[in-house]
Amino acid sequence: TGAMGRSGKPFHGEKEFLGQGVSYCATCDGAFYVDSEVAVYGATTEAIEEALYLTKFAKRVYWITNVDVGRSSGDGVLGIERNKVLDEDLMDTLLDCPNVE
């Protein structure tokens, strides 16, 4: 996510589909995804913010990360540990959105 792209190892199909479904800026391109299913890849606060922004447009937002994240529930911990890099309140806000998985 982010207007300047992302750092790190590219995922399969990222370069081939850039501008054809793959985007780095939810603020710039979010309106193109009205009533669509979208995925946000990343384990940073920026990725969570982008996913939250897309909840205004998309029918469903999938948050994909390569780190284990979780949160407490009424039944206890979901069995995975929180990543200390993430803003926990922001993550909880994202996971509370009805159209986020």
For the residue pair Ala26 and Leu54, what are the closest heavy atoms and their distance? CB-CG, 3.7 Å
Does the pair Leu18 and Tyr24 meet the rule for a side chain to side chain contact (heavy atoms under 4.5 Å, CB included), with working shown? CA-CA 9 Å; Leu18 183 61; Tyr24 297 123; 3.3 Å; yes
Smallest separation among heavy atoms of Trp63 and Ile48, with atom names: CZ2-CG1, 3.8 Å
Looking only at heavy atoms, what is the nearest atom pair of Ala58 and Ser36, with distance? CB-O, 3.3 Å
The side chain to side chain contact (heavy atoms under 4.5 Å, CB included) partner of Val22 among Glu16, Lys15, Glu14 is Glu14
Return the minimal non-hydrogen interatomic distance between Leu52 and Cys97, and the atom names on each side. CD2-SG, 3.8 Å
Let me check something: do Ile64 and Phe57 share a hydrophobic cluster, defined by ILVMFWY side-chain heavy atoms less than 4.5 Å apart, either directly or through other members? no
Is there a path of hydrophobic side-chain contacts, each under 4.5 Å between heavy atoms, that joins Tyr53 and Tyr62? no
Mark yes when over 12 heavy atoms from residues, nucleotides or ligands other than Phe32 sit less than 6.0 Å from its CZ; otherwise mark no. no
